[in-house]
Peer 1: 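What follows is a structure written as C-alpha cells; I'll ask about it next.
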Amino acid sequence: MAAPYNHRAIETKWRKHWEEHPVNVDDGKKPKYYCLDMFPYPSGNGIHVGHWRGYVLSDVWSRYKLMQGYYLIHPMGWDAFGLPAENYAIKMGIHPAISTAENVRHFKEQINQIAAIYDWDREVNTTDPEFYKWTQWIFVKMFKEGLAYEKEFPINWCPSCKTGLANEEVVNGCCERCGAPVTKKNLRQWMLRITKYADRLLSGLDGLDWPEKVKKMQTDWIGKSYGAEVDFAIDGRDEKITVYTTRPDTLYGATFMVLAPEHELAASLATPETKEAVDKYILDSSMRSNVDRMQDKEKTGVFTGSYAINPLNNAKIPIWLSDYVLADYGTGAIMCVPAHDDRDFEFAKKFNIPIIQVIAKDGKEIENMTEAYTDASGTMINSGEWNGMESAVLKKEAPHMIEKRGLGHATVNYKLRDWVFSRQRYWGEPIPIIHCPHCGNVPVPEEELPLRLPEVESYEPTGTGESPLAAIDEWVNCKCPVCGADAKRETNTMPQWAGSSWYFLRYVDNKNDKELVSKEKADKYLPVDMYIGGVEHAVLHLLYSRFYTKFLYDIGAIDFDEPFQKLFNQGMITGKNGIKMSKSKGNVVSPDDLVRDYGCDSLRMYELFVGPPELDAEWDDRGIDGVYRFLNRFWKLALDSREAKVAENKEMVKLRHKLAYDITQRLENFSLNTVISGFMEYNNRMIELARKTGGIDQETVECFIRLLAPFAPHISEELWELYGHSESVFSTGWPQADEEAMKDDEIEIPVQINGKTKAVIMVPADISKEDAIARGREALGGKLNGTVVKEIYVPKKIVNIVQK
RNA sequence: GCCGCUGUGGCGGAAUUGGCAGACGCACUUGACUCAAAAUCAAGCGGGUAACACCGUGCCGGUUCGAGUCCGGCCAGCGGCACCA
C-alpha cells in the first residue's frame, strides 16, 4: 500500500530544501530570462486569492523557462510610498516608515506561501533612501534636460486626498484613488514634459508583444491627430484668431467660430451690447467643475458680438464662446462646420446658425438635414475652386494648400498632456529642488542625494496646496548650492508612480551605490522579457514606465528604450456575482486556510484552473477539490507504478509524447486552464491503462512529473526523489515530444450523411479516399436510402455522403 | 455617442486551418465499501423519447457537402474613451 499524499510534510520539506539548495543559479553561460510581476503596494490587509493568480502565472512561466535552461531574473519588491500608509499614520500616530516595514514583513510572509521562485537578494523598496536616491536622481536629470518644469495653472485637485492629480489619475471626473469628484485648483506645479515623447511613445508600441487592447488604450490616450492651423482675421481689428481643425477640407462650410471661455481674447471680443452676458458666461464656466461640465450634454454658449473673416471667401462669421471647446487642446479656438460635425451641428441648431453643406453625399446635398454628415467621402460643393474634388483627397491636401497660400499651416496635435508630477502629501519622495531668490530653481547636487524625507510632527495634508513638509522650517530653509544665499526647499513630493516608473531596472543591480544600474548588468539582464500584472495600469504605470525608459535611454543610462517586451494582463478574481473582493464587502477569500487544508500545490493549480488567465473569474472554493483529487490520484498512480515496475508498451510511449506535446503547446499559448485539464485528462487515461497492466512505465510517469513541476513544484520534486533521482526536477530540462512517436496507426473517423454524423469507423490512418468512402458506406448500411450526389473524404477528419 | 471584447448544460469552462459540440472539473443522481457517515471507487449526467427519430452554441438571415467557428443585420452584458474639433 502506497503512503497517502501528505501535502503538509512534502511542502515543508521542499521549502526548506530549496532555500538551502537554490535551483536558479547564474553560471554565466545560460541565457537570461527576465519575468517580472507588477510589484505590490504592501497594504495592511494582506493578500487574497486574487493576488495569488498573477504571482502563480508568472511563477509557472518562470519555472518553465528555468527548465528550458534559462537563468531567471524573477524578483519581487514593494511599491511602498502612497496614501494608505500615510492615512494610517495620521490615524494611529505611527510613522509611515514603521507601518510600511510591518506591512512588508507580513506581505512577504504571505507571498512566500506561493512558493514562487523569487530571488529575494534582488528585493527593492521604493521608500528606501538608497532606492529613492535614484528616483530623485532621475528627476534632477530631467530638470537639467528641461523636461521637469514649474507651472501655475488650474490642475485637477482631489478635495478628499487634498492633493493635485495627473490627468491619468482622473477617472470619469473622479479621483482614481478615493472616488471623490475632482475639482480645479490653481496651483504652482511641477510638470514632466511627457508630451515631448508623444510620437516615440506612439511609434514604439508597434514592436511590442502586448495585448492589442492595451496598445489601443495608449494610442487613444496619446491621441495623435493630423490637421491644420488656420488664421482668421477679426472683423474690424488687427488681431487674428488661429483655429485648429482636422477637417480643413470643410473650410468653406464654416458658418461660425467658437472660442473656449478661457481663450485670451474671449473677454475682449465682447461689444458694449454683449459685454454683460459674455463676462457672466466666462465667470460661470470658471466656476464649473469637470464633473459638471461632463455631465451636461446640452450645449451652452454666448455670442461675443464680434465676427471673424473666413480667409478663403471672406465670409463674415459670428464668434461665440462655449465650454465645449477645450482651452488646453489645439489653439483653444475652432472653426465650426455644422453640416459636417456633430457638435457644431447641435450648437448651430440650438442657436439658429446657418448650415452650409460642402460635401455632397452620393452626389447631392442632403435635404432636411437631421444630423451632421461626418464622413470624408463625397464630392466638394459650395467650395469655390475646390468644387468637384473628392473630400477624402482634399482632406489630405488642404493643409498644404492652405500653407502655400499663407493662410495657416499643417500641424499635428495630441490629446496627451504634460504630467502633473507634484503631490501635496507627506509620504513620497521629496522633489530635490531648491528655490533661490537669485538663481531661481536649483537642483540638489547629485552627490547630496538622497534628499531624505524629514520627520514631521503632523502628516496631515494641509489642504491649502502646501505639503506638510512646508511646516518644517529647519528643513525648508537652506542655502543655495550655487550662490550660497538663503533659499527654500521645494516641499512637494512625487507621485507614487515615480518609483514604479523605473523599479524594474534596479532589481538587476539593487546594491549599486554609484549608478542607477551598471552598464554591464543592464546589458546582461535587461530589458524585461515578460511582464505580468493587471490591466488597470494600461495608461498609468505602463505609459509612465515607457516614458522613463526612453528618457534614460536618451541620457545614455541604458541602451534600450522599451522596458517590457511582452505583457500579459491577468483577469481579476472576484467574489460571487463578479463583485470585486474588498474588505468592506466582506467577500475577501484568504489563501491561508486553503493552503493549510489542500496545500500550496493544489491552490496553485486551482488558481490556473478557474478559467482563462486573461479573463475575470468568480472564485468558488468548492472547485479546489477537483485539483486536490487529481493530485491524490496521480500520487497514488505514480507510487503504485513504482512498485509495479511495468515495461512500457506502445500505448504508453504514444501517451507520453502526446502529453509532452499537448502540455507544451497549451503552455506556449498561455492557455493555462487547459494545461491543468490536460493533466487531468492524461492522468485519467493513465489510470485506465494501468488497470490492465498494473502500472505505468517509469519513463512515462517521470515525463508527467517533469511537466507537472512548474505547476505543482513540491509534489513533483518529492515524486522525482522517490523515483530515485538526487538532482532537482527543475534541472532536468523540459521534456521534448517526438511527433513521429505520437502518430496513431488507426484512427476514428465520423461518417456523416448530409453533414450529420451517423456512424464512426476505425480505419488505418493512411487509408485511401476510395477505401474510406467504401468503409463509410458500409457502416451506414440501410441509412443510405437516397440518390448519392457527392462523396467527401477529408483525410483523418471525416467521411460525408451527400444524398437527395 | 464612438471604439473594443464577450454570449456554449445547473455552474466554471473545452473544441488546430470550418469537420463527432459539451473535453476537464464542480454540483447532482445511483451503486459498491461501511453499523452509519465522511473519504474512496464504479456508473450516469444538454433537451426530448420506452428506445430511436428529432431539437440544441444570444436572435434573424447568408455562404458551404458540413458553421460554436466565416459573412451581413440585430439583441444583451462587460470594459475603454467621453465634447480632443
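Labels below follow one simple rule: chain letters A, B, ... track the order of the sequence lines, proteins then strands, and each chain is numbered from 1.
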Peer 1: Which residue, A:Lys216 or A:Ile624, contacts RNA chain B at a nucleotide closer to its 5' end, judged by nearest heavy atom?
Peer 2: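 Between the two, 5'-proximity favours A:Lys216.
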Peer 1: With RNA chain B as reference, determine whether A:Tyr414 or A:Gln665 sits nearer its 5' end, using the nearest nucleotide of each.
Peer 2: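 Counting from the 5' end, the first nearest nucleotide belongs to A:Gln665.
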Peer 1: Quiz question: going by heavy-atom distance under 3.5 Å, is there a donor-acceptor pair between the base of B:G19 and the side chain of A:Gln752?
Peer 2: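 Flag set: donor-acceptor pair detected.
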Peer 1: For atom P, what is the distance between B:U17 and B:G7, given to the nearest Å?
Peer 2: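 The same atom, P, in both gives a distance of 16 Å.
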Peer 1: For nucleotides B:A39 and B:C28, find the distance between their P atoms and express it as a whole number of Å.
Peer 2: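 After rounding to an integer number of Å, I get 10 Å for this pair.
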Peer 1: Please report the distance separating the C1' of B:U16 from the corresponding atom of B:G68, rounded so that it comes out in whole Å.
Peer 2: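 15 Å, rounded to whole Å.
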Peer 1: State whether A:Lys658 and A:Asp744 are salt-bridged, where the test is any N-O pair (Lys NZ or Arg NE/NH1/NH2 against Asp/Glu carboxylate O) under 4.0 Å.
Peer 2: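 Judged by the 4.0 Å cut-off on N to carboxylate O distance, A:Lys658 and A:Asp744 do form a salt bridge.
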Peer 1: In whole Å, measure the gap between the P atoms of B:U69 and B:A15 for me.
Peer 2: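 Looking at atom P only, B:U69 and B:A15 are 15 Å apart.
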Peer 1: Considering only side-chain heavy atoms of A:Ile798, which listed nucleotide, B:A85, B:C20, B:G4, is closest?
Peer 2: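 Nearest to the side chain of A:Ile798 among the choices is B:C20.
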Peer 1: What integer distance in Å separates A:Asp342:CG from B:G1:C1'?
Peer 2: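 Distance, rounded to whole Å: 8 Å.
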Peer 1: Apply salt bridge (Lys or Arg N to Asp or Glu O under 4.0 Å) to A:Lys216 and A:Asp220, showing your working.
Peer 2: CA-CA 6 Å; A:Lys216 187 165 186 318; A:Asp220 290 350; 2.9 Å; yes
Peer 1: Quick check for you: among B:C65, B:G25, B:C20, whose closest atom lies nearest to any side-chain atom of A:Ile792?
Peer 2: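 Comparing B:C65, B:G25, B:C20 against the side chain of A:Ile792, the answer is B:C65.
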Peer 1: If you check the A:Arg629 side chain, which of B:U40, B:A85, B:C81 turns out closest?
Peer 2: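 From the listed options, B:U40 comes nearest.
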Peer 1: Write down the distance between CG (A:Asn800) and P (B:U64), rounded to a whole number of angstrom.
Peer 2: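 Interatomic distance, CG of A:Asn800 to P of B:U64: 15 Å.
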Peer 1: Which nucleotide in the list B:C24, B:U17, B:G80 gets nearest to the side chain of A:Lys797?
Peer 2: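 Ranking B:C24, B:U17, B:G80 by closest atom to the A:Lys797 side chain puts B:U17 first.
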Peer 1: When you measure from the side-chain N and O atoms of A:Tyr329 to the phosphate of B:A85, is any distance below 4.0 Å, counting only OP1 and OP2?
Peer 2: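 For B:A85, OP1/OP2 do have a side-chain N/O of A:Tyr329 under 4.0 Å.
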Peer 1: Measure the distance from CD on A:Glu607 to C1' on B:G25 and round it to the nearest whole Å.
Peer 2: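 Spelled out: CD on A:Glu607 to C1' on B:G25 is 16 Å.
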Peer 1: Using a 4.0 Å heavy-atom cut-off, does A:Arg691 contact any base of the nucleic acid, only the sugar-phosphate backbone, or nothing at all?
Peer 2: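 Touches sugar-phosphate only.
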Peer 1: Taking side chain as C-beta onward, heavy atoms only, is A:Ser377 less than 4.5 Å from A:Lys395?
Peer 2: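 A:Ser377 does not reach A:Lys395 side chain to side chain.
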Peer 1: Choosing from B:C20, B:A85, B:C26, which nucleotide comes nearest the side chain of A:Arg622?
Peer 2: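 Among B:C20, B:A85, B:C26, the one nearest the side chain of A:Arg622 is B:C26.
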Peer 1: May I ask you to check whether A:Ser225 and A:Tyr414 show a side-chain donor-acceptor distance below 3.5 Å?
Peer 2: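 Short answer, no.
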Peer 1: I want to check something: taking the side chain as every heavy atom from C-beta on, are A:Tyr329 and A:Arg417 in contact at a cut-off of under 4.5 Å?
Peer 2: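 Touching, per the 4.5 Å side-chain cut-off.
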Peer 1: Rounded to whole angstrom units, what separation is found between the NZ atom of A:Lys215 and the C1' atom of B:C5?
Peer 2: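 My rounded result for the distance is 17 Å.
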Peer 1: Base, sugar-phosphate or nothing for A:Arg685? Non-hydrogen atoms, less than 4.0 Å.
Peer 2: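 Nothing, no nucleic acid heavy atom in range.
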Peer 1: Between A:Trp320 and A:Phe347, is the ring centre distance below 6.0 Å?
Peer 2: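 Between A:Phe347 and A:Trp320, which both carry aromatic rings, the centre distance is below 6.0 Å.
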Peer 1: Distance check needed: B:U16 P versus A:Lys796 NZ, whole Å only.
Peer 2: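 Rounding to the nearest Å, NZ of A:Lys796 and P of B:U16 are 18 Å apart.
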Peer 1: When you measure from the side chain of A:Thr246, which nucleotide among B:C55, B:A85, B:C24 comes out closest?
Peer 2: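 Closest nucleotide to the A:Thr246 side chain: B:A85.
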Peer 1: Over all strands shown, is A:Glu748 touching base, sugar-phosphate only, or nothing at heavy-atom distances under 4.0 angstrom?
Peer 2: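 Here A:Glu748 touches the bases of the nucleic acid.
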Peer 1: Syn or anti for B:G9, please, going by whether the chi angle lies within 90° of 0.
Peer 2: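 What B:G9 shows is a syn base, its glycosidic angle lying within 90° of 0.
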Peer 1: Within the 4.0 Å heavy-atom criterion, would you say A:Lys415 contacts the bases, only the backbone, or no part of the nucleic acid?
Peer 2: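 The answer is base, as A:Lys415 lies within the cut-off (heavy atoms under 4.0 Å) of a base atom.
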Peer 1: Rounded to whole angstroms, how far apart are CD1 on A:Ile222 and C1' on B:C81?
Peer 2: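 In whole Å, B:C81 C1' lies 14 Å from A:Ile222 CD1.
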Peer 1: Quote, to the nearest angstrom, the P distance that separates B:C54 from B:G9.
Peer 2: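 My reading of the P atoms in B:C54 and B:G9 gives 22 Å.
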Peer 1: Regarding A:Glu168 and A:Trp419, is there a side-chain donor-to-acceptor distance under 3.5 Å anywhere?
Peer 2: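 Looking only at side-chain atoms, A:Trp419 and A:Glu168 do not form any donor-acceptor pair under 3.5 Å.
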Peer 1: Determine, for A:Arg691 against A:Glu688, whether the closest basic-nitrogen to carboxylate-oxygen distance falls under 4.0 angstrom.
Peer 2: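 Looking at A:Glu688 together with A:Arg691, the answer is yes, because their closest N to O distance falls below 4.0 Å.
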Peer 1: Say you pick atom P in B:U34 and the same atom in B:U29; how far apart are they, in whole Å?
Peer 2: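 Looking at atom P only, B:U34 and B:U29 are 22 Å apart.
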Peer 1: Is the Lys NZ or Arg CZ of A:Arg633 less than 6.0 Å from the centre of A:Phe630's six-membered ring, within 45° of the axis?
Peer 2: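 Pair A:Arg633/A:Phe630 does not count as cation-pi.
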Peer 1: Between P on B:A85 and CZ on A:Arg247, what's the gap in Å once rounded to a whole number?
Peer 2: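 Computing the A:Arg247:CZ to B:A85:P distance gives 11 Å.
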Peer 1: Could you tell me the separation between the CZ atom of A:Arg633 and the P atom of B:C24, rounded to a whole number of Å?
Peer 2: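 After rounding, the reported distance stands at 11 Å.
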Peer 1: With a 4.0 Å cut-off on heavy atoms, is A:Asn684 in touch with a base, just the backbone sugar-phosphate, or nothing at all?
Peer 2: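 Sugar-phosphate contact only.
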Peer 1: Does the B:C83 base have a donor-acceptor partner in the side chain of A:Lys299 within less than 3.5 Å?
Peer 2: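 Indeed there is one.
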Peer 1: Dot-bracket, RNA chain B: Watson-Crick or G-U, under 3.5 angstrom, [ ] crossing, | other strand?
Peer 2: (((((((..(((......[....))).(((((.......))))).((......))..(((((..]....))))))))))))....
Peer 1: Can you build the contact string for nucleotides 9-15 of chain B? Use B for base contact, S for sugar-phosphate-only contact, and - for no protein heavy atom under 4.0 Å.
Peer 2: ---BSS-
Peer 1: Looking at the base of B:U40, is there any donor atom on it, or on the side chain of A:Lys636, that sits under 3.5 Å from an acceptor on the other one?
Peer 2: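 There is none.
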Peer 1: Between A:Glu739 and A:Lys743, does at least one N-O distance fall below 4.0 Å, as a salt bridge requires?
Peer 2: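 No, A:Glu739 and A:Lys743 are not salt-bridged.
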Peer 1: What about A:Tyr682 and A:Phe704, are their ring centers closer than 6.0 Å?
Peer 2: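 Aromatic pair excluded; centres sit 6.0 Å or further apart.
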Peer 1: Would you call A:Lys576 and A:Glu618 a salt bridge, taking side-chain N to carboxylate O under 4.0 Å as the test?
Peer 2: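 Answer for the salt bridge query: yes.
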